[in-house]
Amino acid sequence: MSTLISITNTSLLVGAPQPATLRAPEIEPGVGCDFDSYLLVPDTSLDERIAAARAKLGRDVVILGHHYQRDEVVKFADFRGDSLRLSYQAAEAEGRYIVFCGVHFMAESADILRREHQAVILPDLNAGCSMADMADIGQVEGCWSELASLGDLKVIPITYMNSTAAIKSFTGEHSGAVCTSSNAAAVMRWAYGRGEKVLFLPDEHLGRNTAFRMGIPLDQMIVWDPYEELGGNTPEQIHAARVILWKGYCSVHQRFTPRHIERARREHPGIRVIVHPECRFEVTQAADQIGSTEGIIKAITASPAGSKWAVGTEIHLVNRLSKELPDHLVMSLDSSVCVCTTMFRITPQHLLWALDNLVAGNVVNRISVDERTRHFARVALDRMLSLR
Ligand code: SF4
């Protein structure tokens, strides 16, 4: 058993140099431990302790790491992927405990898709998603009522995977579906087979970029601002619109501008620009290629040695691709660093804390979606999957 030294010196917080004599707290079977004491775990012993806890748990645990996760955490992942792929891998895995190193909506999706005996854990509950938080269920229900007050508009709601379980459930209950950045066009086509308009949640940019590529002109799209009456539109504008775009965005992808693309091309002649569809319309128009997270990885890894890429997506993925493909030039479009700060909240200390607790028989930070929400969210996810 190690001894925990009580220290208030802030130089011992995460990332600061720490004396080698400090020992990590350990947990007695059946006894929990506060996360705060894990801030004292020296960086030098973290890897060893995580590996040891992981080994003790064996097949009982599966660790999932999103592509945007920091390297110190993602290196422990049994599976790395985007949110949808990880959720399905979790459900297919044997593990009783699914430790999801991603953000809150991803852990919720895993809980919706998990099997009966599994529990989903998010190592830090503060790891949220600014985009998902922009579509509050009360606001969306308010929007739906306002649309209904305008007569029979035949609106089909579609929500991006990056949304809360409550919003996925709302779409399931109102004859809509979930989409990902790679199948958004297919889901929109499905929706137009059932209704006249699409309410696209919560990412304005993915909705606009997808609809435009399907041939819907920009003047048939309106933005719904949840803080304005009728979303800031007139009844006539709503009647004329084919796409109603929820006013939400990703704070990481919205940072990229056409000037970043101009600069990359100026400084690296011949460079190919690939951007995520969560980027602004003008950025996707200026880029050479648009790709989902998995699409970006595939395009770059399939390109010949010597290829040059400027990438408009989260910096951890870009840096990892750059390291893994030393024969390529892979750089971020924005040199001032585009990091998903919420996902970055999950540290190796959080991962160790969650695993140590599992070893001691405590399930901490469990993400649990209530049965009703889970049911309709599953309906919306299954509708999407039936389109494959
Ligand atoms: S990158 Fe953007 S959409 Fe993805 S989790 Fe972070 S804030 Fe949310």
Side-chain angles (χ1 to χ4, degrees), residues 64-71 73-74 77 80-87 90 99-112 120 122-136 158-168 178-184 200-210 245-257 260 274-281 283-284 290-297 311-321 332-334 336-347 350 365 367:
L64 306 178
H66 191 272
H67 287 305
Y68 299 168
Q69 191 57 254
R70 54 167 87 206
D71 289 349
V73 169
V74 88
R80 204 197 292 177
D82 63 11
S83 53
L84 183 67
R85 177 189 279 213
L86 289 178
S87 298
V99 178
F100 208 129
C101 299
V103 294
H104 198 271
F105 79 78
M106 298 174 189
E108 280 188 330
S109 300
D111 190 60
I112 291 161
V120 180
L122 183 65
D124 182 358
L125 293 179
N126 291 315
C129 165
S130 52
M131 179 202 285
D133 292 344
M134 285 177 198
D136 169 79
I158 296 176
T159 192
Y160 186 24
M161 191 69 186
N162 301 17
S163 56
T164 63
I167 299 298
K168 290 186 180 79
V178 174
C179 74
T180 66
S181 51
S182 31
N183 66 16
F200 195 92
L201 302 151
D203 184 16
E204 161 184 353
H205 301 301
L206 177 64
R208 183 181 292 110
N209 291 329
T210 305
L245 302 163
W246 191 262
K247 192 175 179 178
Y249 59 87
C250 166
S251 47
V252 177
H253 290 101
Q254 190 169 272
R255 285 177 62 115
F256 300 110
T257 67
H260 291 129
I274 186 165
V275 299
H276 196 280
E278 289 171 23
C279 293
R280 297 168 192 269
F281 178 72
V283 171
T284 58
I290 304 172
S292 63
T293 303
E294 295 286 351
I296 288 172
I297 295 169
V311 190
T313 194
E314 208 273 346
I315 193 74
H316 286 92
L317 174 59
V318 179
N319 287 345
R320 197 168 301 127
L321 283 168
S332 172
L333 260 185
D334 181 0
S336 67
V337 179
C338 277
V339 65
C340 177
T341 51
T342 47
M343 198 165 307
F344 194 66
R345 296 189 76 105
I346 296 185
T347 61
H350 287 101
N365 286 7
I367 300 299

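Below, each value reflects all heavy atoms present in this structure, side chains not excepted, and no hydrogens, waters or symmetry copies. Just follow the structure's listing: the first ligand is 1, and inside any ligand the first atom is 1. Predicted, not measured: the structure shown is a model, and the values here were computed from it.
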Q.
Between T180 and D82, does the side chain to side chain contact (heavy atoms under 4.5 Å, CB included) criterion hold? Intermediate values first, please.
A. CA-CA 10 Å; T180 66; D82 63 11; over 6 Å; no

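A centroid separation of less than 6.0 Å is found between the aromatic rings of F344 and H316.
Among the atoms of C250, no N, O or S atom is found under 2.8 Å from atom 6 (Fe) of ligand 1.
Taking CZ of R345 as the start and CZ of R70 as the end, the distance is 10.5 Å to the nearest 0.5 Å. Of the inter-residue distances, the one linking D136 atom CG with T164 atom OG1 reads 8.0 Å to the nearest 0.5 angstrom. Separation of atoms CE (M106) and SG (C129) is listed at 7.0 Å; rounding is to 0.5 Å.
Taking the six-membered ring where tryptophan is involved, the planes of Y68 and H66 are perpendicular, since the angle between them exceeds 60° and thus also 30°.
Nearest protein heavy-atom neighbour of atom 6 (Fe) of ligand 1: C340 SG, 2.4 Å. Looking only at protein heavy atoms, the nearest one to atom 8 (Fe) of ligand 1 is C129 SG, 2.3 Å. The nearest heavy-atom contact from the protein to atom 7 (S) of ligand 1 is S130 OG, 3.5 Å.
Taking every non-hydrogen atom of N162 and a distance limit under 4.0 Å, the qualifying atoms of ligand 1 come out as 3 (S). For ligand 1 and Y68, the ligand atoms under 4.0 Å from any heavy atom of the residue are 1 (S).
The closest approach between E278 and ligand 1 falls below 4.0 Å for a heavy atom of the residue.
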